[in-house]
Amino acid sequence: MTAILRSALFLPASNPRAIAKARQLDSDAVILDLEDAVAPEAKAAARDAAIAAVREGGFGRRLLVVRSNGLDTPWAADDLAALAEVRPAAVLIPKVDDVATLAAARQALGPGVPLWAMIETCRGLLSLGALAGAAELGLTCLVAGTNDLAKEMRLPSPPAPEALRPLRVQIVVAARAAGLIALDGVCNAIDAAERLAEECAEGRRLGFDGKTLIHPSQIAAAHHGFGPSEAEIAWARKVVAAFAEPAHTGLGAIRLDGQMVERLHLADAERVLAIAHAG
């Protein structure tokens, strides 16, 4: 069963109050950011704070992820060397252009620590097929970096949804081909509840597992948008119960309420119920 990741909240690692608060938030993952949210003069202090947070723990069921600086920056080597020692749940690598970027990160981190990849450049999009085949590097998640991607594509601000939609679908396809988690890009409008709700609903329609967030107030919307409806939960329970009947043991397909249901639907029903039970 793939990890349930409806919400992944970015927090600046340079903000100790935000880190302390994150231990009580309901997000499925917390991403301590060493990159965009941290000024150059604060990079070293932010790194130390992130390392301390990983060592101290206390995040409960939440995955604790750290986003390093880009491998082409002067801070990346120190970031990855420090993270290799404390081993967070994953390290998010920004601006992954190709497999070579991931390979360099893996060499710096050593074995064991899962990698997440930000797909936020045109080169990264063109490399999705190769990235999906790089399972040996420990890649477990693709994250849509829609802000940087829109900037590189020179899209008007804010970008029209239809301009990024086909590119986001490519990220989902690559993730599914490799059995990876796929997280949608952030919603920049913190106070626009309707826009956030629509972005979450569309993200789920496109196949994303969840959404990256920039503010704690966005967590509930992500959990609602990427969670199953009551009708989906009721159907999933029916499917699981039907396949559990002794008469259906060993059958690859059964008839349920006038529909043909296969074991692939059973797997999906089990996934739906697992998300529902996550609360």
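Owing to the predicted nature of the structure, the values given are computational and were not obtained by experimental measurement. Only this structure's heavy atoms are used, side chains among them; waters, hydrogens and symmetry mates stay out.
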Are the side chain of [X] and the backbone N or O of [Y] linked by a donor-acceptor pair below 3.5 Å?
X: K211; Y: A8; answer: no
X: K43; Y: V38; answer: yes
X: N69; Y: L34; answer: yes
X: R6; Y: S27; answer: no
X: E120; Y: T146; answer: no

Tell me every residue that passes side-chain hydrogen bond (donor to acceptor under 3.5 Å, both in side chains) with [X], counting only those two or more places apart in sequence or in another chain.
X: T73; answer: none
X: D184; answer: R168
X: R87; answer: none
X: R23; answer: E56

Excluding sequence neighbours, so at least two apart, what forms side-chain contact (heavy atoms from CB on, under 4.5 Å) with [X]?
X: Q170; value: L128, L167
X: P16; value: none
X: N188; value: N147, V186
X: H224; value: none

Quiz item: According to the salt bridge (Lys or Arg N to Asp or Glu O under 4.0 Å) rule, which pairs have a member within residues 57-68, sequence neighbours left out?
Solution: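 Every pair satisfying salt bridge (Lys or Arg N to Asp or Glu O under 4.0 Å) with a residue in residues 57-68: D26-R61, D28-R61, D33-R67, E35-R67, D36-R67.
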Quiz item: Going from CD1 on I31 to CZ on F10, what distance comes out if it is rounded to the nearest 0.5 angstrom?
Solution: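 Those atoms lie 4.0 Å apart.
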Quiz item: According to the side chain to side chain donor-acceptor pair (under 3.5 Å) rule, which pairs have a member within residues 151-165, sequence neighbours left out?
Solution: R165-E202
Practice problem: Scan for side chain to side chain donor-acceptor pair (under 3.5 Å) pairs involving residues 7-17, sequence neighbours excluded, and state none if there are none. | Solution: S7-H223
Exercise. Apply salt bridge (charged side-chain N to carboxylate O under 4.0 Å, His left out) to R123 and list each qualifying residue two or more places apart in sequence or on a separate chain.
Key: D97, D98
